[in-house]
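A quick write-up on the structure given underneath.
Remember, it's a predicted structure, so these values are computed and weren't measured experimentally.
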Amino acid sequence: MRRVASSRISAMSSVTLAVGLLLGTAGVAQAQITSREGIELQNQIQQLGQQVNQLQTNGGGNNAPQASAPPTNLPGGDLTAQLLERVSALEEQNREMRGQLDQLTNQVQQQNASLSKQISDMQFAAQNGSGGSGGSSAAPASAPPKEESAPAAAKPATAADLLQSGQAALRSRDYETAQSNAERALKSAKSTNGKMDAQFLLAQSLAGQKQYRESAVAYYDAYNRAPKSPRAQEALLGVSASMLALGDKHSACEALNKLHSEFPQPTPKVKSAMTSFKGRAGCH
């Protein structure tokens with residue numbers, strides 16, 4: 001009887017060792033396998049461990065009747081064989097699931113590498129044209145436009161060039177560039193008309209920036225530079241418009257009266273604007 005009990009205890013010790021190793025493996029795999037099959041596998045392993053513990057409790061004591069007559073359990077040898085068979089089957093399932101997990105991990109890594117390469121290729125194509133063999137020729141092709149644009153980017157040297165560039169900036173509502181060109185043209189212009197045009201452009205650029213007080217002064221300076229020129233009546237009209245923008249209707253009417261006295265027959269454009277300004281300022 002002692003030999004039978006010893007043999008049974010040895011077999012149960014083998015089962016306990018196998019289950020312990022399997023539980024350790026399941027603990028490691030728990031951080032990797034979160035599927036439904038993995039959870040069921042872990043539950044089966046836990047149940048198996050409980051059965052082994054119960055078997056040790058019932059069969060490993062010193063009383064022979066408890067070890068030899070379990071009415072509700074199978075004989076020790078049959079139970080040990082069944083437990084070992086279940087342990088082997090669970091280990092096999094665990095290996096299969098880890099193999100599937102390794103395959104999925106490799107597929108994800110390959111897909112990530114492929115996606116990274118596609119993104120890199122798209123960025124390269126966007127930076128170098130349409131890609132392919134044209135990529136190597138993109139740099140030489142783009143070099144000549146840079147060299148050709150260098151003279152165009154150079155600042156105008158003459159007053160006429162500055163005025164022309166400033167007028168273009170004014171039409172595109174780039175008032176700061178127009179003001180800068182007007183101030184430079186005013187310094188470099190030699191003729192009276194050139195200075196008058198530069199001063200008038202300066203007034204226009206200031207008005208575009210809503211600096212109405214400064215624009216009124218600039219318009220009046222333009223008038224004083226050439227009081228008899230056709231542009232002079234437009235300068236006085238600009239003084240009136242700036243005063244209206246400031247809400248100074250009295251000064252706006254004074255500028256219109258001076259315009260009427262200096263130019264009894266203004267141009268149709270100026271005459272139409274005078275009528276509009278008089279109505280807005282309430283001039284008598």
Revision key, fill the gap. To the nearest 0.5 Å, atom CG of D174 lies from atom OG of S205 at 10.5 Å
Review point. So, N106 side chain and D102 main chain: donor-acceptor pair closer than 3.5 Å or not?
Key: yes
Check your understanding: Has the side chain of S242 got a donor or acceptor atom that lies under 3.5 Å from a matching backbone atom of G238?
Key -> yes
Check your understanding: Where do G166 and A178 come nearest, in terms of heavy atoms and distance?
Key -> O-CB, 3.5 Å
Review point. Would you say F277 and Y223 are hydrophobically clustered, going by side-chain heavy atoms of ILVMFWY under 4.5 Å?
Key: yes
Check your understanding: About how many Å separate NZ of K249 and CZ of R280, when rounded to the nearest 0.5 Å?
Key -> 9.5 Å
Point to revise | Same apolar cluster: M274 and L244, side chain cutoff 4.5 Å | key: yes
**Study point:** L236 reachable from V270 in the ILVMFWY side-chain graph, under 4.5 Å edges
**Key:** yes
**Study point:** Under 3.5 Å donor-acceptor, K195 side chain and A189 backbone
**Key:** yes
Review point. So, does S272 use its side chain to make a donor-acceptor pair with the main chain of K269 at under 3.5 Å?
Key: no
**Study point:** Shortest non-hydrogen separation from N224 to P227 and the atoms involved
**Key:** O-CD, 3.6 Å
Review point. Rounded to the nearest 0.5 Å, what separation is found between the CG atom of L201 and the CD atom of Q199?
Key: 10.0 Å
Exercise for review: Would you indicate whether Q209, at its atom CD, is surrounded by more than 12 heavy atoms from other residues, nucleotides or ligands within a distance under 6.0 Å?
Suggested key: yes
Exercise for review: For side-chain hydrogen bond (donor to acceptor under 3.5 Å, both in side chains), just list the numbers for Q179 and E183, CA-CA rounded to whole Å, side-chain angles, deciding distance to a tenth of an Å, and then say yes or no.
Suggested key: CA-CA 6 Å; Q179 178 184 354; E183 290 173 347; 3.2 Å; yes
Revision key, fill the gap. Nearest heavy-atom contact between A198 and L163 is CA-CD2, 3.6 Å
Review point. If you measure from CD on Q204 to OH on Y175, what distance do you get to the nearest 0.5 Å?
Key: 10.0 Å
Review point. Above 12 or not: heavy atoms from other molecules or residues under 6.0 Å from CD of E92?
Key: yes
**Study point:** Rounded distance [0.5 Å steps], CE in M196 versus CZ in R231
**Key:** 6.5 Å
Revision key, fill the gap. On a heavy-atom basis, the closest approach of S191 and G194 is OG-N, 3.1 Å
Point to revise | CG-CD distance between L90 and E85, expressed to the nearest 0.5 angstrom | key: 10.5 Å
**Study point:** Same apolar cluster (I L V M F W Y, side chains within < 4.5 Å links), L202/Y219
**Key:** no
Review point. How about E176: does its CD atom have over 12 heavy atoms from other parts shown lying under 6.0 Å from it?
Key: no
Practice item. Please answer whether the main-chain N or O of L84 pairs with a side-chain N or O of S88 as donor and acceptor at a distance below 3.5 Å. Key: no
Review point. Does L186 share a hydrophobic cluster with F200, counting links as ILVMFWY side-chain heavy atoms below 4.5 Å and allowing steps through other members?
Key: no
Review point. For atom CZ of R213, is the number of surrounding heavy atoms from other residues, nucleotides or ligands below 6.0 Å larger than 12?
Key: no
Point to revise | Close side-chain approach of S240 and L259, heavy atoms under 4.5 Å | key: no
Exercise for review: Verify, without hydrogens or angle tests, whether S180 (side chain) and T177 (backbone) share a donor-acceptor contact under 3.5 angstrom.
Suggested key: no
Check your understanding: How about Q265 and K271: do any of their side-chain heavy atoms sit closer than 4.5 Å?
Key -> no
Exercise for review: Taking the side chain as every heavy atom from C-beta outward, state whether L256 and L237 have any atom pair closer than 4.5 Å.
Suggested key: yes
Review point. Hey, are the side chains of N181 and R184 touching, using non-hydrogen atoms and a 4.5 Å cut-off?
Key: yes
